[in-house]
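Here's the structure we're looking at; comments come further down.
Just so you know, residue 1 is the first one in the sequence shown, and it goes up from there. We count ligands from 1, going down the list as the structure has it; atoms in each ligand are counted the same way.
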Amino acid sequence: MALLVQKFGGTSVGTVERIEAVADKVIGYKDAGHDMVVVVSAMSGETNRLVALAKQIDPQARGRELDVLLTTGEQVTIALLAMAFEKRGYTARSYTGGQVKITTDSAHNKARIKSIDHAKISDDLRQGRIVVVAGFQGVDEQDNITTLGRGGSDTTGVALAAALKADECQIFTDVDGVYTTDPRVEPQARRLDVITFEEMLEMASLGSKVLQIRAVEFAQKYKVPLRVLSSFEEGEGTLITTEYGADKAMEQALISGIAFNRDEAQLTINGVSDTPGVAYQILGPISDANIEVDMILQNVSADGNTDFTFTVHRNDFDMALASLQQTAERLKAREVRGNNKIVKISIVGVGMRSHAGIASRMFEILSNEGINILMIATSEIKISVVVDEKYLELGVRALHDGFDLKTAS
Ligand code: ASP
Ligand code: MG
């Protein structure tokens with residue numbers, strides 16, 4: 001018998017029929033003898049609908065009252081799901097975040113959980129009740145309603161699992177697990193049975209949006225085993241865990257997955273003097289404009305001059321370019337160039353820690369396809385390249401093939 005926290009996202013509770021199906025699924029686990037805590041999102045589209053309503057009143061709507069509004073979406077689904085359990089002859093209790101109680105800081109619209117008092121839930125479980133909790137919400141020290149940021153129900157699920165010391169936090173969603181890469185780009189992509197938190201965080205930050213990043217970080221910090229699985233199909237899903245078991249580690253592939261990001265843009269400033277403070281003078285105004293910089297590259301200087309290249313989100317391209325042009329005038333740089341038709345492709349895997357030559361293998365695979373690499377960056381478990389956007393599909397597929405990701409490790 002285990003204590004399981006299961007989270008169902010918006011599409012999984014998008015209609016009354018689907019809510020009834022969730023009830024049946026949870027009851028399957030309950031009947032197998034498990035203690036069940038269920039976290040739900042609002043019905044799909046509901047949070048967006050509420051945001052749109054708010055914007056009709058005030059296009060800048062945010063803060064306390066927006067949170068009061070948005071949390072109503074989840075209050076609807078907890079009640080409906082609890083009713084579905086009761087109708088089936090099970091006792092259930094639904095709770096809003098504030099009732100649990102989940103205490104957060106006061107940063108409305110993006111609050112962070114500070115503590116969870118799980119006494120009520122533990123008592124309900126002892127009484128054999130199924131507990132249903134509203135995702136995405138809490139209250140601050142003054143009992144103001146707060147929300148955890150869009151997609152925040154994942155975090156609620158993980159935080160509850162940590163507080164209750166649950167055996168597993170299971171995130172039910174519309175995909176059946178984490179894949180070696182996006183199946184829409186590479187149809188041969190394969191579902192992973194296991195992936196580490198570290199790898200998952202790299203994949204997620206690179207745009208593979210299966211889980212809210214914050215939820216993965218939370219699970220890693222509190223060592224909560226996390227499983228992603230489909231609401232609609234049977235299957236084991238993907239387990240996200242601290243490390244591969246010893247048996248698994250032996251057969252572990254060098255690379256676990258290939259992530260990519262289409263939202264990149266590249267900026268270059270040529271011919272700036274290679275003196276202390278130049279990087280700061282170039283990137284200072286960019287960060288003052290709240291533009292996040294991803295990769296940064298500075299050339300070895302020739303004749304006291306150097307070139308400086310960096311990437312930003314494509315949405316920030318125009319602003320970054322304007323800022324860089326101003327900087328160029330000030331620094332008397334030779335020229336400024338920009339390219340917003342680039343993408344980033346990354347290979348990710350803890351296996352590369354113990355194996356040399358992965359980078360050169362990656363470059364070999366890309367060169368065999370005639371793909372020119374514009375920038376390279378590496379970290380302990382990731383190698384990223386920037387390439388022209390027209391090579392995205394080709395590059396991802398070639399790497400998927402070249403690193404043998406179609407065959408199960
Ligand atoms: N309903 C919220 C949202 O749409 C929270 C969630 O679904 O996780 O962002
Ligand atoms: Mg959602």
Side-chain angles (χ1 to χ4, degrees), residues 5-16 18-19 21-22 25-26 37-55 61-82 94-100 102 104-105 107-113 116 131-140 144-163 169-175 178 200 204 207-219 224 226-232 237 240:
V5 174
Q6 297 188 329
K7 180 257 168 177
F8 292 88
T11 34
S12 310
V13 294
T15 62
V16 166
R18 286 191 170 172
I19 290 174
V22 166
K25 194 181 256 303
V26 172
V37 175
V38 188
V39 174
V40 283
S41 293
M43 295 168 95
S44 58
E46 176 64 7
T47 310
N48 288 343
R49 188 185 72 87
L50 294 169
V51 169
L53 279 181
K55 292 210 161 137
R62 51 186 198 87
R64 185 183 188 280
E65 301 314 323
L66 185 64
D67 280 348
V68 173
L69 177 69
L70 296 192
T71 48
T72 61
E74 273 74 8
Q75 190 165 341
V76 170
T77 45
I78 55 171
L80 292 174
L81 181 59
S94 70
Y95 295 108
T96 63
Q99 286 175 310
V100 167
I102 298 174
T104 71
D105 61 21
H108 284 288
N109 315 151
K110 51 172 196 297
R112 286 187 178 260
I113 296 176
I116 294 183
V131 177
V132 185
V133 179
F136 171 62
Q137 54 180 264
V139 288
D140 71 4
N144 295 298
I145 294 175
T146 55
T147 61
L148 309 179
R150 296 305 303 271
S153 300
D154 289 349
T155 302
T156 305
V158 172
L160 272 175
C169 178
Q170 303 182 333
I171 310 276
F172 287 85
T173 176
D174 41 10
V175 295
V178 179
M200 185 64 205
S208 320
K209 285 181 214 71
V210 184
L211 289 172
Q212 200 201 30
I213 289 187
R214 218 201 255 185
V216 181
E217 287 169 346
F218 212 105
V224 178
L226 193 60
R227 190 181 292 277
V228 180
L229 58 189
S230 163
S231 305
F232 309 112
I240 307 159

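Remark: ligand 1 and Asp154 share no N or O pair separated by less than 3.5 Å (distance only, no angle test). Residue-to-ligand polar distances place Ser153 within reach of ligand 1: an N/O pair is separated by less than 3.5 Å.
For ligand 1 and Arg150, the ligand atoms under 4.0 Å from any heavy atom of the residue are 3 (C), 4 (O), 9 (O). Below 4.0 Å from some heavy atom of Gly151 lie the following atoms of ligand 1, by number and element: 3 (C), 5 (C), 6 (C), 8 (O), 9 (O).
A heavy-atom separation below 4.0 Å is not found between Gln212 and ligand 1. Ligand 1 lies less than 4.0 angstrom from a heavy atom belonging to Gly152.
Here Ser231 pairs with Ser12 under the side chain to side chain donor-acceptor pair (under 3.5 Å) rule; sequence neighbours left out.
Under a 3.5 Å cut-off, the side chain of Gln137 and the backbone N or O of Thr147 do not form any donor-acceptor pair. In this structure a side-chain-to-backbone donor-acceptor pair under 3.5 Å is present from Gln99 to Thr96.
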| Criterion salt bridge (Lys or Arg N to Asp or Glu O under 4.0 Å) on Glu217 and Arg214, from CA distance to verdict | CA-CA 5 Å; Glu217 287 169 346; Arg214 218 201 255 185; over 6 Å; no
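Here the options are Val133, Leu81, Thr156, Ile19, the test is side-chain contact (heavy atoms from CB on, under 4.5 Å), and the partner is Val40; only Leu81 passes.
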